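Down below is the structure, laid out as C-alpha cells.
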Amino acid sequence: MFNRTKHRTIHFDRPFTLPGVDETIAAGDYEIDDDEEMIEGLSWTAYRRVATFIKLPATGENRFRMRLIQIQPDELARLVALGGAEISNLPKP
C-alpha cells in the first residue's frame, strides 16, 4: 500500500485553542500535514486521508518543545471558518 503526505500552511490572524492543548496558541503560520493512503483495487488512482496533524512550534509555554498534534479535519475546518485563517500550499523539498 502506498502512502503520501500533503503539506500546506494555514495563517491564523488570531490566537486559537485546540482540544487537548492546555494553552492558547498564538496567531501565525502553522504547517498542516495530511497523511493519505492509496485505495487499492480501483481502475484509477485515489487516496483517502487517514490523519491530519498541525505542527506547533517550541515556545516557553510548552517548555520549548515542538509538537505534532493530531487534529480532526472538521475541527480544523471549524477554526478556518471562524475567520482569520488563510490557507496556502507549502512546497516541500
Side-chain angles (χ1 to χ4, degrees):
M1 186 172 299
F2 296 100
N3 294 324
R4 69 180 184 186
T5 301
K6 292 173 62 176
H7 306 281
R8 58 192 159 133
T9 298
I10 296 182
H11 175 81
F12 291 96
D13 290 333
R14 300 180 205 117
F16 60 97
T17 59
L18 291 173
V21 177
D22 293 334
E23 74 266 10
T24 299
I25 300 162
D29 293 334
Y30 291 89
E31 292 182 36
I32 307 294
D33 293 338
D34 291 307
D35 289 347
E36 300 176 333
E37 66 182 12
M38 183 184 285
I39 300 172
E40 305 255 353
L42 299 176
S43 58
W44 65 91
T45 302
Y47 289 86
R48 80 173 136 232
R49 181 177 43 219
V50 293
T52 300
F53 298 94
I54 185 169
K55 292 180 185 176
L56 301 180
T59 65
E61 288 183 14
N62 65 24
R63 300 182 187 176
F64 300 102
R65 292 181 295 190
M66 189 283 297
R67 293 176 291 171
L68 190 62
I69 305 291
Q70 187 167 4
I71 183 171
Q72 295 300 317
D74 55 343
E75 176 66 19
L76 183 59
R78 184 189 69 79
L79 290 171
V80 170
L82 287 175
E86 187 176 303
I87 302 172
S88 64
N89 290 331
L90 177 68
K92 285 285 188 176

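The basis for the numbers below is simple: all heavy atoms, side chains too, and nothing from hydrogens, waters or symmetry mates. Quantities reported herein were computed from a predicted structural model and do not represent experimental measurements.
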Would you say the side chain of I54 lies within less than 4.5 Å of the side chain of I25, judging by non-hydrogen atoms?
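Side chain of I25 against side chain of I54, heavy atoms only: no contact under 4.5 Å found.
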Got a sec, which residues hit side chain to side chain contact (heavy atoms under 4.5 Å, CB included) with Q72, two or more places apart in sequence or on another chain?
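Side chain to side chain contact (heavy atoms under 4.5 Å, CB included) check on Q72 returns D74, E75.
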By side chain to side chain contact (heavy atoms under 4.5 Å, CB included) - contacts of T45 (at least two apart):
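Scan of T45 (side chain to side chain contact (heavy atoms under 4.5 Å, CB included), adjacent residues dropped) gives M38, Y47.
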Once rounded to the nearest 0.5 Å, what's the spacing between atom [atom1] of [X] and atom [atom2] of [Y]?
X: D29; Y: T9; atom1: CG; atom2: OG1; value: 6.5 Å
X: I10; Y: E31; atom1: CD1; atom2: CD; value: 11.5 Å
X: F53; Y: D33; atom1: CZ; atom2: CG; value: 8.0 Å
X: I32; Y: T5; atom1: CD1; atom2: OG1; value: 13.0 Å

Side-chain heavy atoms under 4.5 Å apart, restricted to Ile/Leu/Val/Met/Phe/Trp/Tyr: what other residues fall into the cluster of V50, or is it alone?
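Same cluster as V50: nobody, lone residue.
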Looking at [X] and [Y], what are the two nearest heavy atoms and their distance?
X: R49; Y: E36; value: CA-CG, 3.9 Å
X: Q70; Y: A51; value: NE2-CB, 3.8 Å
X: A26; Y: F16; value: O-CE2, 4.0 Å
X: T24; Y: P15; value: CG2-CB, 3.6 Å

Are I69 and V80 in one and the same hydrophobic cluster, where Ile, Leu, Val, Met, Phe, Trp and Tyr link if side-chain heavy atoms are under 4.5 Å apart?
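Result: yes, single cluster for both.
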Looking at H7, R4, R8, which hits side-chain hydrogen bond (donor to acceptor under 3.5 Å, both in side chains) with D34?
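When side-chain hydrogen bond (donor to acceptor under 3.5 Å, both in side chains) is applied between D34 and each of H7, R4, R8, only R8 qualifies.
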How far apart are the C-alpha atoms of L79 and I71, what are their side-chain angles, what is the distance that settles it, and do they pass the side-chain contact (heavy atoms from CB on, under 4.5 Å) test?
CA-CA 11 Å; L79 290 171; I71 183 171; 4.3 Å; yes
